[in-house]
Amino acid sequence: MPAPSSTRPSSRSLYRDIRARIGDGSYAAGMALPSTRALAAERGVSRGTVSLVYEQLASDGFVDTRPGAATRVAAGAADRIRAQGRGAAASEPQRQQPDSGRLSAFAQRLQAMPLRPAAPDPAGVIDFVYGPLAGRDFPTLPWLKALRRAEGQRSQRLEYASPLGAPELRQALQQHLHQTRGLACSTAQILIVNGSQHALDLCARLLLNPGDPVVVENPGYRMAHQVFEAYGAQLLCADVDDDGLQTAQLAALTAQAPARLAYVTPGHQFPLGGYLPMARRHALLDWAHAQRCWVIEDDYDSDYRYGVRPEPSLLSLDSADCVIHVGTFSKTLSPQLRLGYMVLPPALASLFAQAKLLTDRHTATGPQRALAQLIDDGSYARHVRRMRRKQHARQQALLQALERHLGTQVRIQGAASGLHLSVWFPGLAASQEAQLVQAAAQRGVRVYPISPLYRQPAGHAQAGVVMGYALLDLPEIERGVQRLAEALQSLR
């Protein structure tokens with residue numbers, strides 16, 4: 001339907017804006033739109049203009065209006081708008097990409113990367129995604145109580161805080177890391193960041209130049225690889241086995257040029273789940289010292305250990321101040337909090353704080369102070385113990401369901417710790433992964449192929465998937481594996 005016939009750009013712009021927000025779900029079905037008075041004041045137009053736009057939206061069937069009642073989004077309006085958009089897109093030329101000549105080299109590299117957010121699940125789909133946690137597991141009452149106390153202590157002077165992070169949280173973290181990871185560090189070495197991805201971006205920004213070699217695990221964490229590639233790094237891929245990074249390959253990989261940086265997940269290799277043994281930890285550090293290479297130790301989910309004895313972290317073994325320890329609360333509390341931390345070598349701490357000052361000034365202080373209270377009063381430790389029991393129960397349910405429905409048709413890796421399993425299908429070639437994923441999706445279950453996590457196409461011969469379980473309850477896990485077994489059977 002056409003926009004309002006008024007020639008004033010303000011009414012046309014307002015119509016299109018509201019229509020677009022209905023189409024993308026920002027204004028959901030049944031939601032009340034702002035009053036004509038409030039919207040007119042916000043947009044700097046007359047109430048008559050807003051009334052005209054609302055009347056046109058009602059005429060087009062996108063909103064419902066009743067005398068004396070708020071204007072509300074009509075049921076099915078979003079679907080109709082999206083359908084109209086698809087029809088328009090079919091008849092209009094495709095939107096062009098920005099002229100690469102007007103973009104930086106960083107932007108051009110970023111433009112070429114397949115960075116796509118995950119699509120939301122339709123109703124009834126069982127999603128074995130890795131990363132999200134179940135909302136019902138969040139410690140809502142302790143968190144709200146701590147957050148109210150933190151906000152109630154707000155200072156009279158509202159100003160930018162230290163980029164290093166809230167002193168209370170850094171002090172609490174110092175004690176927490178000493179007790180749980182055996183790390184001895186000063187608060188001056190701790191930098192609070194907006195999740196581990198922010199930490200990786202700071203490392204790439206400050207430690208790499210275009211063309212610098214970076215050692216990564218193969219297979220490995222794709223988002224880490226992509227942030228290094230975005231800054232122009234040359235990735236050197238070290239293979240992974242059941243014990244994690246094969247350190248014996250490091251010398252050959254860097255024979256032509258020393259590496260500037262190495263990114264590793266020694267506590268729980270992603271995605272295969274290996275736990276780097278002590279001999280390899282020392283070998284990695286000896287190599288890094290000889291190379292004058294920085295090592296990023298991504299400690300992303302070490303709170304979840306089920307069948308492995310914790311070994312000293314790389315940072316606690318480091319005698320040359322080359323290890324950067326990265327941790328996150330995304331796997332114990334919520335990815336939505338965007339709270340992580342770095343333990344930096346003393347020589348890097350002030351530099352990283354300066355970079356953080358330029359990029360985002362500081363991480364939100366209220367959640368930092370609330371988390372510090374939870375750590376100090378023991379609530380966080382109790383929550384982690386409870387979550388470890390729940391996640392272990394989910395993992396056992398997944399293992400048992402795989403054994404019950406698939407048996408010898410699968411091989412499992414990574415069951416000693418973490419929030420996911422790598423599941424291999426010896427009877428399927430790697431080239432059949434996409435078929436398996438599609439067949440599972442047709443039966444209402446999502447699984448994720450392991451191939452994209454390999455840097456070389458020939459990195460594995462068998463089909464495999466990564467199956468996370470932190471989002472699901474036990475009956476869902478059972479039903480999901482049963483559907484996956486049906487999908488596998490359909491391929492045979």
Side-chain angles (χ1 to χ4, degrees), residues 200 203 212-226 228-229 233-302 305 307-318 320 322-326 411-418 420-424 426 430 449-464 466:
L200 297 179
C203 289
D212 281 345
V214 174
V215 171
V216 298
E217 299 164 333
N218 182 44
Y221 179 44
R222 192 177 184 185
M223 289 283 283
H225 298 178
Q226 288 175 322
F228 301 139
E229 287 182 304
Q234 173 194 357
L235 298 190
L236 306 178
C237 301
D239 292 333
V240 170
D241 60 19
D242 288 343
D243 290 326
L245 180 75
Q246 296 187 37
T247 52
Q249 297 183 2
L250 294 175
L253 281 175
T254 54
Q256 300 300 317
R260 178 66 68 91
L261 187 69
Y263 170 79
V264 295
T265 53
H268 185 227
Q269 198 280 327
F270 185 85
L272 301 187
Y275 192 74
L276 200 65
M278 185 62 68
R280 291 194 187 183
R281 292 176 186 243
H282 284 295
L284 172 61
L285 291 175
D286 290 344
W287 167 84
H289 297 172
Q291 293 263 316
R292 295 177 56 82
C293 172
W294 301 106
V295 177
I296 301 175
E297 178 183 26
D298 192 343
D299 191 42
Y300 67 101
D301 69 354
S302 60
R305 300 191 195 282
V308 64
R309 180 175 61 87
E311 296 282 5
S313 67
L314 291 179
L315 180 61
S316 65
L317 299 172
D318 178 25
C322 69
V323 174
I324 299 168
H325 186 90
V326 174
R411 178 174 62 88
I412 311 298
Q413 272 187 300
S417 58
H420 73 277
L421 298 174
S422 293
V423 181
W424 298 96
I450 205 166
S451 290
L453 304 179
Y454 279 86
R455 298 298 304 181
Q456 290 90 9
H460 63 296
Q462 302 171 357
V466 178

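Along the sequence shown, the residues carry numbers beginning at 1.
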Note to self: I need the His282 NE2 to Leu276 CG distance, nearest 0.5 Å.
What the structure shows: 10.5 Å
Checklist line | Donor-acceptor contact present, side-chain Gln462 to main-chain Trp424, <3.5 Å | finding: no
Next item on the list: Side-chain contact test, heavy atoms from C-beta onward, threshold under 4.5 Å: evaluate it for Gln249 versus Cys237 and give yes or no.
Entry: no
Note to self: Tell me whether His325 contacts the main-chain N or O of Leu315 through its side chain, where contact means a donor paired with an acceptor under 3.5 Å.
What the structure shows: no
Note to self: Quick check: do Val215 and Thr254 have side-chain heavy atoms less than 4.5 Å from each other?
What the structure shows: yes
Notebook entry, point to check: Could you walk me through whether His268 and Ser302 pass the side chain to side chain contact (heavy atoms under 4.5 Å, CB included) check?
Noted result: CA-CA 7 Å; His268 185 227; Ser302 60; over 6 Å; no
Note to self: One pair to check against side chain to side chain contact (heavy atoms under 4.5 Å, CB included): Leu253 and Trp287. What are the steps and the verdict?
What the structure shows: CA-CA 11 Å; Leu253 281 175; Trp287 167 84; over 6 Å; no
Next item on the list: Please report the closest heavy-atom contact between Asp241 and Asp243, naming both atoms and the distance.
Entry: OD1-N, 2.8 Å
Margin query: Using 0.5 Å steps for rounding, measure from the CZ atom of Arg260 to the CG atom of Leu236.
Written below: 13.0 Å
Item checked: Heavy-atom closest pair, residues Pro219 and Val240 -> O-CG2, 4.0 Å
Note to self: Quick check against the 3.5 Å criterion: does Gln413 have a side-chain atom that pairs as donor or acceptor with the backbone of Ser422?
What the structure shows: no
Next item on the list: Would you check if the side chain of Asp318 reaches a backbone N or O of Val323 as a donor-acceptor pair within less than 3.5 Å?
Entry: yes
Check: From Asp298 CG over to Tyr221 OH, what is the distance, rounded to the nearest 0.5 angstrom?
Finding: 7.5 Å
Item checked: side chain to side chain contact (heavy atoms under 4.5 Å, CB included) between Ile296 and Leu200, intermediate numbers included -> CA-CA 8 Å; Ile296 301 175; Leu200 297 179; 4.0 Å; yes
Margin query: Both conditions, 6.0 Å and 45 degrees, for the charged tip of Arg222 above the ring of Tyr263: are they met here?
Written below: no
Checklist line | Val295 and Ile324: CA distance, side-chain angles, deciding distance, side chain to side chain contact (heavy atoms under 4.5 Å, CB included) verdict | finding: CA-CA 6 Å; Val295 177; Ile324 299 168; over 6 Å; no
Next item on the list: Check for a donor-acceptor pair, side chain of Arg455 on one end and backbone N or O of Leu235 on the other, with a separation under 3.5 Å.
Entry: no
Item checked: Residue Arg411 excluded, over 12 heavy atoms near CZ under 6.0 Å -> yes
Margin query: Show the nearest heavy-atom pair for residues Cys322 and Ala288, with the distance to one decimal.
Written below: SG-CB, 4.2 Å
Item checked: N/O donor-acceptor pair under 3.5 Å between Gln269 side chain and Leu272 backbone -> yes
Next item on the list: Kindly give the heavy-atom pair with the smallest separation between Ser417 and Gly267, and that separation in Å.
Entry: OG-O, 4.3 Å
Check: Looking only at heavy atoms, which two atoms of Phe270 and His420 are closest? And how far apart?
Finding: CD1-CE1, 3.6 Å
Check: Taking all atoms of both residues into account, what is the closest heavy-atom pair of Arg280 and Leu245, and its distance?
Finding: NH1-O, 2.9 Å
